[in-house]
Amino acid sequence: MSKLTVIVAAYNVEEYIEKCLISLVQQTYRELEILVVNDGSTDNTKKLIENFEEKYKNLKLLNKENGGLSSARNFGLKNIKTEYVTFVDGDDYLELNAYEVVMKKIEEEKTELGIFNFKKVYPQKINNSKLNENIYKSNFLEYLFSKSKEEDIVVWNKIFKADIILKNKIYFENRAYFEDTGFIFRYLYFVKNISLIELPLYNYVQRKNSITKKFNPVIITSCENTYKVVKEFYKKNNEYEKYKDKIEDMYLRMRIYTLNNSLKYRGNYHFKITWQEINNTKIPLKHKIVLIIFKMRIYKKVYLLLK
C-alpha cells in the first residue's frame, strides 16, 4: 500500500507535463501514488496525462472544470488515502531520488513535516535555494511570520502529514497568489518537529507565461483574503493575541509584494502605513527600506531608477 500521495496540478502545460510525470513515475521511492488533477486544460495536457495513466498503475488522472491552482490541489486532497501528501506543479519536475531521501528522514526522525531545497531553473541559469536550519530549531513559527523566504513558504518542496490537513480542514484559498502562505501558516501551527534536507530535489521551472509573471488584480483580493483566513484561524484556536504582531508582519510583507507586483506590471495598488508601524515591525531590513521609500512618496521614482 502506498504511503505518499503526490498531487500534481496541471493546466495547459502540454510542453512540460511529460517531463514532470516522467520524474514522478521513475522515483526510486516505490510506495507512491500519483494524482494528476487536470484543471480544465484546453490544450493537449489531458491526452498526455491519459497516456501515462494507461502505462502506470500508481498514476491516476482526475478531471475537473477550471478553477485555479488552489481548487485543483483541494480536489486532489479529497481523493488521498495515504499517510503523507506532497504537491507538484505540472510545469516542474523532481530529482529521481527526491521522495526516497525525504521520506527516509521523516520516518527516522518521526516528524510532521519534511522540507528540502530546490533549484530555480531559468533558460540560461539555475539558482539554488538555501534553507536556514537555525530558524527551525525553536520558535520557528514566530520567526517565519516575519522573516520567511520563498523556500519556507512554498508547498512543493515539502512533505506533509495528511491527517493534520484533513482533520483540521486546512485547504488552499484564492484562485491565484498567496495560496501557499495561507496554507503553510495554518499547517505549521500543528507542527512540533521538522526534518530538513539540504539537497535541492525539486526543479522550479521559470516560464514567461506563468500566472505569476503578469499583473492580475486578483492579487489584491488574495492578499486581503489570506490575511483574513490566517487571522481567523488563530482566533479560533485562541492563539491570536500570542501571534498578533507576527500575523501583522505577514500581512505587511504580502502588501509589499503586491505593491512591487503592481509597479512592475503597471497595476494600481496603494496602502496606508504609519511611521510607528514601520518602526515596530520585525520584517527584514530590506522590506523596511521599501516602506520608508513608499512612505516618502518617492517609491515609484526609485523603482523606475533601479529598474
Side-chain angles (χ1 to χ4, degrees), residues 3-10 13 15-36 69 73 76 84-109 111-137 140 143-144 147-161 172 178-181 183-185 187-188 191 193-208 210-213 253 257 284 286:
K3 282 189 177 181
L4 172 65
T5 296
V6 183
I7 296 175
V8 184
V13 285
E15 296 180 29
Y16 306 92
I17 191 64
E18 288 182 297
K19 187 170 186 176
C20 173
L21 297 184
I22 287 172
S23 77
L24 294 177
V25 298
Q26 293 184 359
Q27 283 290 308
T28 56
Y29 184 75
R30 306 313 301 172
E31 297 177 78
L32 188 68
E33 180 181 39
I34 305 164
L35 299 180
V36 189
L69 180 59
R73 288 173 174 171
Y84 299 91
V85 63
T86 188
F87 304 92
V88 173
D89 290 347
D91 45 1
D92 300 332
Y93 60 98
L94 288 99
E95 301 301 314
L96 299 185
N97 66 333
Y99 295 139
E100 180 179 13
V101 171
V102 184
M103 285 297 295
K104 180 180 180 181
K105 192 161 188 180
I106 288 175
E107 293 183 321
E108 286 178 350
E109 297 178 348
T111 57
E112 299 91 6
L113 180 65
I115 309 177
F116 45 99
N117 276 305
F118 61 85
K119 301 173 188 175
K120 269 190 175 180
V121 182
Y122 296 88
Q124 304 298 329
K125 64 177 181 178
I126 294 177
N127 292 339
N128 287 356
S129 68
K130 179 64 176 177
L131 288 167
N132 184 350
E133 295 187 13
N134 292 325
I135 69 175
Y136 288 98
K137 291 180 179 178
F140 55 82
Y143 184 95
L144 291 173
K147 298 183 179 181
S148 59
K149 295 182 179 179
E150 185 176 28
E151 53 266 29
D152 303 310
I153 299 300
V154 293
V155 298
W156 33 253
N157 71 329
K158 298 173 178 66
I159 290 181
F160 304 87
K161 289 276 288 186
F172 291 92
F178 305 119
E179 55 274 298
D180 291 3
T181 303
F183 182 93
I184 202 69
F185 281 120
Y187 185 89
L188 284 172
V191 173
N193 299 291
I194 299 174
S195 295
L196 298 178
I197 294 88
E198 293 185 5
L199 295 171
L201 300 172
Y202 189 98
N203 296 283
Y204 178 26
V205 178
Q206 305 299 294
R207 58 191 185 102
K208 290 183 178 181
S210 170
I211 60 172
T212 56
K213 299 302 180 185
R253 295 185 70 195
Y257 179 89
K286 65 178 182 179

Residue list, side-chain hydrogen bond (donor to acceptor under 3.5 Å, both in side chains) with [X], at least two apart or on another chain:
X: Lys19; answer: none
X: Asp89; answer: Arg73
X: Thr5; answer: Glu33, Thr82
X: Glu109; answer: Ser195

Output the distance between atom [atom1] ([X]) and atom [atom2] ([Y]), rounded to the nearest 0.5 Å.
X: Ile22; Y: Leu94; atom1: CD1; atom2: CG; result: 13.0 Å
X: Tyr93; Y: Tyr16; atom1: OH; atom2: OH; result: 11.5 Å
X: Glu151; Y: Lys120; atom1: CD; atom2: NZ; result: 9.0 Å
X: Lys149; Y: Asn132; atom1: NZ; atom2: CG; result: 6.5 Å
X: Arg207; Y: Tyr122; atom1: CZ; atom2: OH; result: 14.5 Å
X: Tyr202; Y: Thr86; atom1: OH; atom2: OG1; result: 8.0 Å

For residues [X] and [Y], report the shortest heavy-atom separation together with the two atoms involved.
X: Cys20; Y: Gly90; value: CB-O, 3.6 Å
X: Leu113; Y: Tyr187; value: CD1-CE2, 4.1 Å
X: Val85; Y: Ile7; value: CG2-CD1, 3.8 Å
X: Glu112; Y: Val191; value: OE1-CG1, 3.8 Å
X: Ile17; Y: Val8; value: CD1-CG1, 4.5 Å

List the atom pairs, donor and acceptor, that lie under 3.5 Å between side-chain atoms in residues 100-108 and the rest of the protein, sequence neighbours left out.
residue, atom, partner, partner atom, Å
Glu100, OE1, Thr28, OG1, 2.5
Lys105, NZ, Leu196, O, 2.7
Glu107, OE2, Lys3, NZ, 2.9

* Side-chain (Asn157) to main-chain (Ile115) donor-acceptor, under 3.5 angstrom ->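 No.
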* Measure from the side-chain N and O atoms of Ser129 to the backbone N and O of Asn117, and report whether any donor-acceptor pair falls under 3.5 Å. =>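 No; judged by distance alone, with no hydrogens or angles, the pair does not exist.
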* Asked: Does Lys119 have any side chain to side chain contact (heavy atoms under 4.5 Å, CB included) partners at least two apart in sequence or in another chain, and if so, which?
  ->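 With sequence neighbours excluded, Lys119 shows a side chain to side chain contact (heavy atoms under 4.5 Å, CB included) to Glu95, Val121, Ile126, Asn128, Pro200, Asn203, given in chain and number order.
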* For Lys286, side chain to side chain contact (heavy atoms under 4.5 Å, CB included) partners two or more places apart ->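 Pro284.
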Kindly indicate whether the side chain of [X], heavy atoms from C-beta on, has any atom under 4.5 Å from the side chain of [Y].
X: Phe118; Y: Asp92; answer: no
X: Tyr99; Y: Leu201; answer: no
X: Leu4; Y: Glu31; answer: no

* **Contacts of Glu133 that satisfy salt bridge (Lys or Arg N to Asp or Glu O under 4.0 Å) - sequence neighbours left out** =>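 Salt bridge (Lys or Arg N to Asp or Glu O under 4.0 Å) list for Glu133, sorted by chain: empty.
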* Can you sort out the partners of Lys130 under salt bridge (Lys or Arg N to Asp or Glu O under 4.0 Å), two or more places apart, ordered by chain and number? =>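 By the salt bridge (Lys or Arg N to Asp or Glu O under 4.0 Å) rule, Lys130 matches no residue at all.
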* All pairs passing salt bridge (Lys or Arg N to Asp or Glu O under 4.0 Å) where residues 152-161 contributes a residue, at least two apart ->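 Pairs touching residues 152-161 that pass the test: Glu83-Lys161.
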* With sequence neighbours excluded, what pairs up with Phe172 under the ring pair (Phe, Tyr, Trp, His ring centres under 6.0 Å) test? ->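 With neighbours one apart ignored, the set is Phe87, Phe183.
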* Listed by chain and number, what are the ring pair (Phe, Tyr, Trp, His ring centres under 6.0 Å) partners of Phe178, not counting sequence neighbours? ->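 Once residues adjacent in sequence are excluded, the partners of Phe178 under the ring pair (Phe, Tyr, Trp, His ring centres under 6.0 Å) criterion are Tyr257.
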* To do: Evaluate the side-chain contact (heavy atoms from CB on, under 4.5 Å) criterion for residues Phe160 and Ile184: first the C-alpha distance (whole Å), next the side-chain angles of each, then the deciding distance (0.1 Å), finally the verdict.
  => CA-CA 10 Å; Phe160 304 87; Ile184 202 69; 3.8 Å; yes
* Give the intermediate values and the outcome of side-chain contact (heavy atoms from CB on, under 4.5 Å) for residues Ile153 and Phe185. => CA-CA 8 Å; Ile153 299 300; Phe185 281 120; 3.7 Å; yes
